Every structure is written in C-alpha cells, then in structure tokens.
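The structure appears right after this line, and notes come after that.
Model, not experiment: these values are computed from the prediction. Order of appearance sets the numbers: ligands from 1, and atoms from 1 within every ligand.
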Amino acid sequence: MKSEILRAAEILQAGGLVAFPTETVYGLGADASNERAVARLYAVKARPPDHPVIVHVGSAAQAFSWAREVPPAAKQLAERFWPGPLTLILKRSAKAKDFVTGGQDTVGLRVPAHPVPQELLRVFGSGIAAPSANRFGLVSPTTAAHVREDLGDDVDLVLEGGPSEVGIESTIVDLSSGPAALLRPGAISRGNLEDVLKSKVEEKNRSSPRHSGGLERHYSPRTPARLVSTHDLDKEIEKLKQRVAVLAFSRPDERVDYWLRMPRNPGGYARRLYAALRELDTAGCETILVEAPPEAPEWAAVRDRLQRACDA
Ligand code: TXA
Ligand code: MG
C-alpha cells in the first residue's frame with residue numbers, strides 16, 4: 001500500500017487524477033492548486049464549470065489556510081468532527097482559486113478520516129480537490145470497483161480502501177456568512193451540529209444549482225425510480241405490468257423480479273444505499289420502486305438522497 005500511495009502522490013504532483021476511498025464515498029482527486037489538473041477533473045466528471053469542488057486536506061490547520069476568515073463555529077465543528085464526514089464552506093483565501101470554487105468567494109473544505117487519504121494527504125502535503133468519483137448526476141461510488149466501472153481509463157490510478165463505511169456524501173455546513181446553514185445532510189445530523197454550536201442550524205434551500213447536490217435529480221440510477229409509501233407499495237406492485245425492481249424494508253414479494261431488502265437503521269441503510277441502487281439499475285427492470293423511509297430526523301440524509309434519486 002505504501003508504494004501505491006507514493007505513486008499516487010507522484011501522479012497528483014504531475015497533474016494526474018487519482019481516485020481514492022474516503023469514509024463517505026470514493027473521491028476523484030486532483031492537485032487543488034493546479035488549474036490544468038482540475039480542468040481535466042471537470043472534463044472527466046462532465047461537471048459544469050460553475051460547480052465548486054471540495055478541497056481535501058490533512059488537518060484543520062491546513063484547511064483553515066484555504067480560508068481568510070475562520071469563525072468560532074468553524075473551529076468548534078472542526079474540533080469535534082474532523083477528521084470525518086463534514087465539509088465546511090468558508091470565505092476563501094488567495095490559495096483557493098476560481099477553478100476550485102467555481103468563481104465563488106467561498107471554498108468547501110474537508111479533512112477525511114479514512115487512513116488511505118490521510119496517508120496520501122500527508123505524503124502529498126497539499127490540498128486535493130475531489131468530487132465523488134462518478135460521472136456528474138449519477139450514483140456516487142462506494143467501492144473501488146464502482147469507480148473503475150464508471151471512469152475506466154479516464155483515471156490514472158484507483159486506490160483500494162474497501163467499501164465506504166458511511167456510504168453517503170459528507171454533511172455540508174455553510175459558515176461563510178451569517179448563522180450556520182446546512183447545505184447537504186449527511187451522517188453528521190443537524191442535531192449533532194446544533195449540540196456542538198448550541199444554536200439553531202437552518203436548512204438552506206438546495207434548489208440552487210450552485211452546489212451540485214442542489215440539482216433536483218442527482219445521485220440517480222439510469223432506470224426510472226419512484227418513491228412509494230409502505231402503504232402503497234403493494235398496490236403499486238400489483239398495478240405495474242412491467243418488470244420491477246424493489247428496494248424495501250420488508251421481505252421479498254414473489255411477484256417482483258428483483259428485490260433488495262434494506263436495514264431498518266439509517267446508518268446501515270446509508271452504507272448500503274448506493275451499491276443497492278447500482279445493483280437494481282443493472283437488474284434489467286423497467287422501473288425501480290423504493291419504499292419510503294420513516295419521516296424521523298435521523299433518516300433526513302437517506303431521505304434526501306432517495307428523493308434526488310427518484311423521479312417522484
Ligand atoms: O463526502 C464527500 O463530500 C465526497 C468525498 C469524496 O469527500 N465528495 C463529494 O464531492 O461529495 P461532490 O463534488 O460530489 O459534492 C460536493 C458538493 C457539491 O454539491 C458542491 O457544489 C458543494 O459540495 N460545494 C463545494 N464547494 C462549495 C462552495 N464553495 N459553496 C457551496 N457548495 C460547495
Ligand atoms: Mg457528487
């Protein structure tokens with residue numbers, strides 16, 4: 001592994017692209033200070049140029065060198081949740097160029113906890129720009145095999161790190177102006193943030209395309225997918241005359257061609273979610289039906305991803 005990481009750092013230094021595991025999802029990394037490398041990253045992802053990428057760094061001190069203002073709330077959240085599945089949006093310093101911020105005056109920063117990026121960041125010694133290692137709009141990868149399926153030869157090296165433990169993307173908190181705002185829910189919940197900050201955290205309207213998770217349809221399988229309540233699932237299965245794949249909490253129904261049963265706890269569900277959506281997408285069915293998860297706050301991040309994966 002050691003020599004793989006050295007090779008990865010050399011590829012990054014030379015302006016190449018390296019996919020790497022994190023605790024949330026796999027990332028596609030480029031040297032965050034190299035304009036041409038980041039341009040190639042956008043081209044491979046087919047990502048619109050005004051969508052900013054997160055800069056990954058090895059420590060809070062390094063993270064804050066990419067920001068020109070570090071409010072007390074940023075220090076508190078960093079202290080509690082870094083390294084970990086949290087991204088902070090702060091006013092950028094001169095280090096964060098337009099090509100990583102999408103021309104905005106803010107920058108997204110994250111210190112990942114997974115040992116592979118920790119070591120890579122230590123050896124590389126500088127910021128790595130990394131969106132999720134999938135093509136724009138599709139389901140994020142949670143294994144190295146997913147990355148290879150999605151990106152093939154477009155990536156110079158894929159570091160192996162096992163299945164991602166969290167399974168969905170980091171919680172994003174905007175601290176760049178005014179009170180803390182939640183831009184993307186994740187494993188760190190709104191309640192977790194409020195406990196540390198001892199104040200309310202508002203959810204910001206994510207319909208703005210400025211952060212890509214903000215696009216309504218995102219994290220999507222190619223097969224049309226629909227969210228249905230537990231109550232309606234049986235009716236919908238009965239009604240549909242097509243081949244159907246189902247993601248549900250309950251036991252398989254024999255009328256259904258392909259059925260995946262999901263854990264009843266949100267952490268376990270999140271961990272399996274993207275691999276499950278990929279599996280259902282290749283099951284050769286015309287429709288995917290997803291049983292809606294509970295309305296409780298601890299399901300907020302899973303609900304968010306499912307709403308974006310589904311058409312209705
Ligand atoms: O868990 C994660 O965050 C993963 C792993 C690889 O770290 N990364 C990830 O990156 O999900 P990506 O690019 O797929 O999603 C990052 C989100 C995007 O919606 C992006 O627009 C938003 O963060 N973002 C980045 N910088 C921002 C900024 N300055 N202001 C608002 N949103 C920002
Ligand atoms: Mg993404």
Taking the side chain as every heavy atom from C-beta outward, state whether [X] and [Y] have any atom pair closer than 4.5 Å.
{"X": "Pro293", "Y": "Phe249", "answer": "yes"}
{"X": "Tyr269", "Y": "Leu306", "answer": "yes"}
{"X": "Leu240", "Y": "Leu289", "answer": "yes"}

Please check if Leu138 and Phe136 belong to a single hydrophobic cluster, counting links between Ile, Leu, Val, Met, Phe, Trp and Tyr side chain heavy atoms closer than 4.5 Å.
no
Within Tyr219, is some N, O or S atom less than 2.8 Å away from the Mg ion (ligand 2)?
no
Which of the atoms of ligand 1 are close to [X], meaning less than 4.0 Å from one of its heavy atoms?
{"X": "Thr106", "answer": "28 (C), 29 (N), 30 (N)"}
{"X": "Pro52", "answer": "20 (C), 21 (O), 24 (N), 25 (C), 26 (N), 27 (C), 28 (C), 33 (C)"}
{"X": "Ser132", "answer": "8 (N), 9 (C), 10 (O), 12 (P), 14 (O)"}
{"X": "Thr24", "answer": "1 (O), 2 (C), 4 (C), 5 (C)"}
{"X": "Gly27", "answer": "6 (C)"}

Heavy atoms only: which of His56, Glu169, Arg184 lies closest to atom 15 (O) of ligand 1?
Arg184
Nearest heavy atom to atom 13 (O) of ligand 1, choosing from Arg47, Lys91, His51, His114, belongs to Arg47
Checking contacts here: is it the side chain or the backbone of Asp174 that comes within 4.0 Å of ligand 1, counting heavy atoms only? Could be both or neither.
neither
If you count the non-hydrogen atoms of other residues, nucleotides and ligands that lie under 6.0 Å from CD in Glu236, is the total more than 12?
yes
So does Gln242 have more than 12 non-hydrogen atoms from other groups sitting under 6.0 Å from CD?
yes
Counting only nitrogen or oxygen atoms and a 3.5 angstrom limit, does Lys45 reach ligand 1?
no
When only distance counts, is Tyr26 in polar contact with ligand 1, meaning an N/O pair under 3.5 Å?
no
Honestly, is Arg308 close enough over Tyr219, meaning NZ or CZ under 6.0 Å from the six-membered ring centre and within 45° of the axis?
no
Would Thr101 count as a contact of ligand 1 if the rule is a heavy atom under 4.0 Å away?
no
Results of salt bridge (charged side-chain N to carboxylate O under 4.0 Å, His left out) for Arg36 - residues two or more places apart only:
none
